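Everything below concerns the one structure shown next.
Numbering of ligands and ligand atoms starts at 1, following listing order. A quick note: this is a predicted structure, and the numbers were derived from the prediction, not measured.
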Amino acid sequence: MSFRILGTGSALPATTVSNEDLTKFLDTSDEWIRTRTGITERHVMNDEESLLTLATAACQNALEMAQTAPEEIELIVCTTLAGDYTSPALSCLIAKELGLSDRVITMDTNMGCCGFEYGLQIAHAYFASGMISKKAIVVSAEGLSRHADWTDRATCCLFGDASGAVVLEAAPDRKVDFDWTVSGNADILNITRHADNSPWNSYDGKGVLHMNGQEVFKFAVSSINARICAVLEKNGLAPDDIAKFFLHQANIRIINSAIHKMGVAPEKFPHNIERLGNTSSATIPVLLDETVRAGGIQRGDKIVLCAFGAGLASIACLLEY
Ligand code: UT7
């Protein structure tokens, strides 16, 4: 059994932070951020917001579009770098807020910026195994403003917070396939853990994000094309067969490089990095939701989602919408 996307949803924090706002405490400029990244503003959570409030709103939007009652959901996969609590898992809390059944399968998964596609892969496996037979939610909820080092101009200006969700329905005839790689490298991109007070451990980490931007950039531009070509080739498809390519939103220059390498019309690569920055695993489901609501894809269209990031990992997912 395969699946199809029945509904999409997204939610953003109310507060927007412009590049100009960042210049008040960082040695940076709107011009540098815009020309090097494409970003003009990002949304960040305030004290009244949490990943739970964002993710719940995104799921509710997706359930509404899918005309699905909460009790029909058999599985909820939440992808996040870190939930509001280390434990319990964010998916358990979202399930309660949404009023899902107390028999729903809940799990959080952390595959960095590739999380949403890994979440789809997990849901796909549950449908294929027969462990679920009707409907599932995959929701990505990310609070990068909590992980960024706001004294590091080379990284903090890139990130924002958001949540995006999809409701999936079992569908026997829908094409779904993946191609992925992982290398187990923590040097180029990592978020250290916070200090603890174990008497047997002197670790004093600050829990912030560290990144060698140029190395990630090189990895991104080579892996996007490799993953997309691999998943298309496996399925006997060409780039022209694909209605839209949804790339992880990390840098407009990375997106433009992919467009150039693929030789595909730029209109096939929607982007929202200008308004939202990089929201890790949430970039693709939020972009998907915005595109669906704007009528940018039609039922039956073949689409490709492609992400890269911490791991270092990269993944492409081919879907029939
Ligand atoms: O989802 C996770 C995946 N992450 C990514 O995909 C990130 C991929 N990497 C990138 O997007 C880019 O590498 C960055 C946007 C992070 C950096 O762009 P870059 O063109 O690679 O710049 P750079 O790191 O080579 O820095 C160039 C200069 C440096 O100054 P010098 O050494 O030339 O004097 C930096 O200190 O720009 C300086 N710089 C800044 N200046 C003003 C770095 N950050 C800033 C800043 N404002 N915010």
How close does the nearest protein non-hydrogen atom get to atom 1 (O) of ligand 1, and which residue and atom is it? N278 ND2, 2.6 Å
May I ask you to identify the nearest protein heavy atom to atom 18 (O) of ligand 1, giving residue, atom name and distance to one decimal place in Å? R253 NH2, 3.5 Å
Identify the protein heavy atom lying closest to atom 3 (C) of ligand 1, giving its residue, its atom name and the separation to 0.1 Å. V216 CG1, 3.5 Å
Just to confirm my output: which protein heavy-atom neighbour is closest to atom 8 (C) of ligand 1, and how far is it? G213 O, 3.5 Å
Of all the non-hydrogen atoms in the protein, which one sits nearest to atom 29 (C) of ligand 1, and at what distance? R153 NH2, 4.8 Å
Closest approach of any protein heavy atom to atom 7 (C) of ligand 1, naming residue and atom: M211 CE, 3.7 Å
For ligand 1, which atoms, with element, lie under 4.0 Å from some heavy atom of H248? 1 (O)
Identify the protein heavy atom lying closest to atom 21 (O) of ligand 1, giving its residue, its atom name and the separation to 0.1 Å. Q214 CG, 3.3 Å
Protein non-hydrogen atoms only, distance under 4.0 Å: does atom 31 (P) of ligand 1 have such a neighbour? no
Counting heavy atoms under 4.0 Å, the part of C157 that contacts ligand 1 is side chain
Atoms of ligand 1 less than 4.0 Å from C113 heavy atoms? 1 (O), 2 (C)
Compare W32, F159, F219 and give the one whose heavy atom is closest to atom 40 (C) of ligand 1. W32
Measure from atom 12 (C) of ligand 1 to every heavy atom in I188, V221, N251 and give the option owning the shortest one. N251
So, regarding A250 and ligand 1 (criterion: nitrogen or oxygen to nitrogen or oxygen, under 3.5 Å), is there a contact or not? no
Ligand 1 versus F217, non-hydrogen atoms closer than 4.0 Å: side chain, backbone, both, neither? both
Could you check atom 20 (O) of ligand 1 against the protein and tell me its nearest heavy-atom contact, residue, atom and distance included? R36 NH1, 2.8 Å
Quick one: does T155 get within less than 4.0 Å of ligand 1, heavy atoms only? no
Does the protein put any heavy atom within less than 4.0 Å of atom 34 (O) of ligand 1? no
Applying a 4.0 Å heavy-atom criterion (strictly less than), which segment of T28 is in contact with ligand 1: side chain, backbone, both, or neither? both
Side chain to side chain donor-acceptor pair (under 3.5 Å) test vs S91 passes for just one of T80, T79, D108, namely D108
Would a hydrophobic clustering, with Ile, Leu, Val, Met, Phe, Trp and Tyr connected at side-chain separations under 4.5 Å, put L247 with W180? no
In terms of atom number and element, which parts of ligand 1 are under 4.0 angstrom from non-hydrogen atoms of F308? 6 (O)
